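Take a look at the structure below.
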There are 2 protein chains.
Amino acid sequence: MTRIQDVAQLAQVSTATASRALSRPQQVAAETRERVLEAARQLGYQPNVLARSLRQGETRTLGLIVADILNPFHALLAKGVQDTAERHGYSAFLFNSDEDPQKERRALETLRGQQPQGVLIVPTSGAGRNLQTLPGLPVVELDRVSGQPNPTVTVDNLDGAMAATRHLTGLGHTRIGMVVGQQDITTATERHTGFRQALRAAGVPYDPALVRPGHHREDDGYRAALDLLSLPAAERPTALFVGNNEMTVGAVLAARELGLRIPEDLSIVGFDDSRWAQTMWPPLTVVSQPAYELGVLACDHLVGLLTRRGGVPSASLPLPATGPPAPAPARLQLPTQLIVRRSTAPPPATILPAPPAADPA
Amino acid sequence: MTRIQDVAQLAQVSTATASRALSRPQQVAAETRERVLEAARQLGYQPNVLARSLRQGETRTLGLIVADILNPFHALLAKGVQDTAERHGYSAFLFNSDEDPQKERRALETLRGQQPQGVLIVPTSGAGRNLQTLPGLPVVELDRVSGQPNPTVTVDNLDGAMAATRHLTGLGHTRIGMVVGQQDITTATERHTGFRQALRAAGVPYDPALVRPGHHREDDGYRAALDLLSLPAAERPTALFVGNNEMTVGAVLAARELGLRIPEDLSIVGFDDSRWAQTMWPPLTVVSQPAYELGVLACDHLVGLLTRRGGVPSASLPLPATGPPAPAPARLQLPTQLIVRRSTAPPPATILPAPPAADPA
DNA sequence: TTGAAAGCGCTAACAT
DNA sequence: ATGTTAGCGCTTTCAA
């Protein structure tokens, strides 16, 4: 690799001048500047950011840890972050925790070695502990919250879940099942709470027997839905609210397998929109989340934090006794949107003794 | 951040000894080693990889550029690469070209500053030129090939397309349409060629009027399919072979919009399996590709290359006149697999004057 | 077995 | 406006 020394030599200047010509052009005589730029072009010079970062004490690098890059929601969120980081002149390094606190810990350690100036994270259930290994490093939590005093960028899960539930009660459903996510992840509990509150507001009793837990995977949704939909006809829910996109796929497959027509026999509302939700048949009614914007907002906020605190994070100066107290960490929240498609309808008028025959998958 | 100096100080040794105790433990007296390790633990020391890389001249870093992280095929491939890189003790930095040669160029430049030891890339159509800006850096091309003399890891697109086409001719189809991808991307041309060859082998004439180009996006598939399926009934294809996963979504939506039943009125085969293909109704017959394994294989190969050439890429020594000639770049190829589901069936027995009425989306 | 010292490539004082 | 020099944190000779 060509070094700045090579450029300097070819342009007949010192490395200092070469460096200046490249990064503070106006500090250098026009003619010299041209020589250096030409030399750099000719040699295909690209500065070694490692050396630069080491010298400047800032890497212009961010860490990004998502829980599951194969989930389109997280992929889109990651894209929002990376695009935004680039706009601000940062690079965002992407890691995957696969929803596993152990892997998250390893990712954070690896990341720490890279000296990022800040970290964006979709925290796993173990993030509380893991994040304490990063003292002095600005962290923004995305989508969920770990309980640590970090800024968070989330969507209004409570409101989204309420809107979904209200939609179902509004159609006349009174036996509504829910497939909830892991109870140690905030999005899951918030959606569960929203579900209960909306039921209460509609005067529909909350029946714990109609609520099944899952771990966010398609298969969990499948099993939970199969379970709920196999109840005797008089107890079986006429509508299902599913807590995330993956589990919704499973729930739809379960309904299909049982020969239940959507929405005639069963209404389904999913949380988080997706290509699949739009193109399955019938298209799915969902609570959509602005995934890309979530990433953009989180990254903008983090960069803002870095800019304000002035580049070099000085963990060595814990808290200057004087000066204004640090402001409380921001809690940014984006709205969700209920998109009514064709998977929801009023409940069947009469209780059918058995599911109607249909083509079993 | 705590430096190795802090560790050394706490353990009462020189930084040299501290460094050795951490990375070459057996070179240090047991007792000293313990002191250092304990000090490191206590301080939560994490080496600054920037400084280490700068000193050692190797970063243990790889670059990975995919064309579209939102496409599950690329996401899975990226995961295969990243998991494998980690297993080998490397970190893979992920970038997105969004299928845009300009963006690819910027990604490569940014990457180059990070001093990666090798690059894995799903090349865009402009990659030939772009890759020439990386002299002396090992590159492995993934999924497609740019024409540069780099090792490539691809799937057998020709065979996959032939299997798909043979499946359709075997069912009795003689008017088979194809939606092909960009003709400057090798996967697209290979699949096109496989289609033609299989038609020929089956004695079915190739009709250019039934072939429509697209640019890999859902919308392209939609338009191309709408076009083909709007032909007069006697000319309209009874089966469609679609060149990638995104365009297949569009094609299915087009068929649905025209009220064509799958597979009764129209058979569809897609290239590349996906969650969507498995869970749409009817489940889609596809040529599946081992995306994750593709990433694994490519990364294994790249790391093997690095290990053999011994770490430090010396672009300064172009070609030692003596010694064995460099072996030709490897061309690794993985098989595809035709998965027959329920979107394919024999063609309608009689030519219907018009598409049967159905529920329009 | 350990320590002293040099140097990776770059930039920012400081000096001219 | 330009050059000289020191030093970011680390590893690795070389010497003891």
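Fair warning: this is a prediction, and the values are worked out from it, not measured in the lab. Each chain gets a letter, A, B and so on, in the order the sequences are listed, and its residues count up from 1. Scope of the values below: all heavy atoms of this structure, side chains included, with no hydrogens, waters or symmetry mates.
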Please determine whether a side-chain nitrogen or oxygen atom of [X] lies at a distance below 4.0 Å from atom OP1 or OP2 of [N].
X: A:Arg55; N: D:dA6; result: no
X: A:Tyr45; N: C:dG9; result: no
X: A:Arg24; N: C:dA12; result: yes
X: B:Gln56; N: D:dT12; result: yes

Note to self: What contact category does B:Val13 fall into here, base, sugar-phosphate, or nothing, at under 4.0 angstrom with non-hydrogen atoms?
What the structure shows: sugar-phosphate
Note to self: Quick check on contacts: within residues 26-35 of chain A, what sits under 4.0 Å from DNA chain C by heavy-atom distance?
What the structure shows: none
Item checked: Residues in contact with DNA chain C, drawn from residues 14-23 of chain B - heavy-atom cutoff 4.0 Å -> B:Ser14, B:Ala16, B:Thr17, B:Arg20
Next item on the list: Taking atom types as modelled, find out whether A:Gln115 and A:Thr59 have a side-chain donor-acceptor pair closer than 3.5 angstrom.
Entry: no
Check: For the atom pair CD (B:Glu109) and CD (A:Gln46), what is the distance rounded to the nearest 0.5 Å?
Finding: 5.5 Å
Item checked: Sidechain-backbone polar pair: A:Arg60 side chain, A:His88 backbone, donor-acceptor under 3.5 Å -> yes
Next item on the list: Give a yes or no on whether A:Gln102 atom CD has more than 12 heavy-atom contacts from other residues, nucleotides or ligands under 6.0 Å away.
Entry: no
Note to self: Quick check: on DNA chain C, is the nucleotide nearest A:Thr2 upstream (toward 5') of the one nearest B:Gln12, or the reverse? Name the residue that is more 5'.
What the structure shows: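 Its nearest nucleotide lies further toward 5', so the answer is B:Gln12.
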